[in-house]
Q: 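I am attaching a structure below and will ask some questions about it afterwards.
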Amino acid sequence: MKAKKNITMKEAKEKTGLSSRQIRYYDQQDLVFPGRSRGNQRLFSENDIERLLKIKDLITAGNSIETVRSKLRAPETQTNGQYEFDYENEFDYSDVKLDSLFPVSNRSELIKRLSRSNSKGFKEEEE
DNA sequence: GTTCTAACA
DNA sequence: TGTTAGTA
């Protein structure tokens with residue numbers, strides 16, 4: 001039963017109006033967490049799009065990646081007693097061809113992300 | 001045809 | 001940020 005539909009890069013570009021470069025960049029900056037699947041391609045959910053939209057809004061408003069990250073913190077790091085799992089959600093797994101289980105299918109990717117979380121060499125980078 | 005990463009302009 | 005290279 002595939003109720004929700006996954007969104008591909010192309011769709012994401014159209015829906016957000018952002019370039020693929022920007023979307024991938026925001027992904028690297030941990031501003032969005034799209035799932036990965038077939039061929040290591042990103043699969044966004046409706047939530048990711050909304051998140052991207054908000055990011056775009058903040059960036060175009062003259063804010064930097066840092067600011068955006070402050071506003072949209074990763075759920076795991078948001079230890080305020082209030083969880084905002086706004087993306088562990090409507091993901092259509094039936095359409096995803098994963099080699100193993102989703103959460104830990106990409107160990108290398110997970111390791112990379114964890115590594116990035118430690119490196120705090122951020123500056124005032126904008127458009 | 002499209003996305004992915006990495007790197008250069 | 002755009003764009004290109006080589007790949008899947």
Side-chain angles (χ1 to χ4, degrees):
Chain A
M1 42 164 131
K2 39 198 299 184
K4 266 56 179 174
K5 185 183 62 178
N6 290 323
I7 301 167
T8 184
M9 250 285 121
K10 190 174 181 178
E11 312 248 32
K13 284 197 319 188
E14 315 227 320
K15 295 196 174 190
T16 62
L18 293 166
S19 64
S20 55
R21 175 64 152 87
Q22 289 173 300
I23 296 176
R24 291 187 195 114
Y25 182 59
Y26 301 152
D27 181 23
Q28 287 179 20
Q29 303 308 310
D30 286 312
L31 296 181
V32 287
F33 316 91
R36 309 288 278 241
S37 72
R38 199 263 193 186
N40 204 39
Q41 285 178 210
R42 292 180 177 77
L43 287 180
F44 304 87
S45 65
E46 303 287 351
N47 256 301
D48 292 315
I49 299 302
E50 290 179 42
R51 200 187 184 81
L52 245 14
L53 249 20
K54 189 168 183 178
I55 294 169
K56 175 195 173 188
D57 199 63
L58 290 170
I59 295 293
T60 55
N63 293 296
S64 62
I65 300 297
E66 291 179 56
T67 307
V68 179
R69 187 181 292 149
S70 304
K71 261 56 174 74
L72 303 166
R73 194 78 66 93
E76 286 81 12
T77 60
Q78 197 152 68
T79 54
N80 275 0
Q82 210 176 67
Y83 307 128
E84 286 186 35
F85 293 128
D86 55 331
Y87 55 73
E88 60 101 314
N89 43 58
E90 38 206 316
F91 205 75
D92 182 14
Y93 292 89
S94 60
D95 188 51
V96 182
K97 300 104 179 175
L98 295 174
D99 313 273
S100 52
L101 280 61
F102 169 57
V104 247
S105 62
N106 257 312
R107 289 173 186 276
S108 55
E109 190 62 32
L110 186 59
I111 301 298
K112 290 202 304 185
R113 282 177 178 281
L114 289 174
S115 301
R116 294 199 198 98
S117 299
N118 277 320
S119 57
K120 38 228 163 174
F122 295 113
K123 299 188 175 187
E124 295 292 329
E125 292 179 62
E126 291 153 46
E127 64 160 315

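Predicted model, so just to flag it, every value in this text is computed and none were measured. Convention: sequence-line order gives letters A, B, ...; per-chain numbering from 1.
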Q: Measuring from A:Asn6:CG to A:Glu46:CD, what's the distance to the nearest 0.5 Å?
A: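 If I round to the nearest 0.5 Å, the distance is 9.5 Å.
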Q: May I ask you to say what A:Ser20 touches in the nucleic acid, namely base, sugar-phosphate or nothing, with a heavy-atom cut-off under 4.0 Å?
A: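 The answer is nothing, as A:Ser20 stays clear of every strand by at least 4.0 Å.
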Q: Tell me: CD1 of A:Ile7 to P of B:dT3, nearest whole Å?
A: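 Those two atoms, CD1 and P, are 13 Å apart.
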Q: Is there a side-chain contact between A:Arg36 and A:Gln41, using heavy atoms and a 4.5 Å cut-off?
A: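 The answer is no, as the side chains (C-beta and beyond) never meet within the 4.5 Å cut-off.
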Q: Just how far, in rounded Å, is P of B:dC4 from NZ of A:Lys13?
A: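 To the nearest whole Å, that distance equals 10 Å.
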Q: Rounded to whole Å, how long is the line connecting atom CD of A:Gln41 with atom P of C:dT7?
A: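 Going from A:Gln41 (CD) to C:dT7 (P), I get 17 Å.
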Q: What is the distance, rounded to the nearest whole Å, between atom CG of A:Leu18 and atom P of C:dG2?
A: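 It works out to 9 Å between those atoms.
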Q: Heavy atoms from C-beta onward define the side chain here; which of B:dT5, B:dT2, C:dT1 lies closest to that of A:Asn40?
A: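 The listed nucleotide nearest to A:Asn40's side chain is B:dT5.
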Q: For A:Arg51 and A:Leu31, indicate whether the former's side chain and the latter's backbone hold a donor-acceptor pair under 3.5 Å.
A: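 Yes: the side chain of A:Arg51 pairs with the backbone of A:Leu31.
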Q: Any idea which of B:dT5, B:dT2, C:dT1 is nearest the A:Ile59 side chain?
A: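 Closest of the options to the side chain of A:Ile59: C:dT1.
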Q: Take atom CZ of A:Arg24 and atom P of C:dT4, then tell me their distance rounded to the nearest Å.
A: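 From A:Arg24 CZ to C:dT4 P: 14 Å.
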Q: Starting at the 5' end of DNA chain B, write a dot or bracket for each base, bracketing those in Watson-Crick or G-U wobble pairs whose two distances are under 3.5 Å and using | for partners on another strand.
A: .|.||||||
Q: On a plain distance test, is the side chain of A:Arg21 in donor-acceptor contact with the base of C:dT3 below 3.5 Å?
A: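 Donor-acceptor pair under 3.5 Å: yes.
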Q: Rounding to a whole Å, what distance do you find between A:Gln28:CD and B:dT3:C1'?
A: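 Spelled out: CD on A:Gln28 to C1' on B:dT3 is 14 Å.
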Q: Could you state the OH-P distance from A:Tyr26 to C:dG2, rounded to the nearest angstrom?
A: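 Checked: the OH to P distance equals 9 Å.
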Q: Would you say A:Gln22 and A:Lys13 make side-chain contact, with heavy atoms under 4.5 Å?
A: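 Answer no - side chains too far apart.
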Q: Would a 4.5 Å heavy-atom cut-off, applied to side chains only, mark A:Ile7 and A:Ile49 as touching?
A: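 When only atoms from C-beta onward are counted, A:Ile49 and A:Ile7 do touch, with a gap below 4.5 Å.
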Q: Are any non-hydrogen side-chain atoms of A:Gln29 and A:Ile55 less than 4.5 angstrom apart?
A: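 SC-SC contact between A:Gln29 and A:Ile55 ruled out.
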Q: When you measure from the side chain of A:Lys56 to the backbone of A:Leu18, do you find a donor-acceptor pair of N or O atoms at a distance under 3.5 Å?
A: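 Not confirmed, A:Lys56 side chain does not pair with A:Leu18 backbone.
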Q: In whole Å, what is the span from the NZ atom of A:Lys10 to the P atom of B:dC4?
A: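 Roughly 14 Å, once rounded to whole Å.
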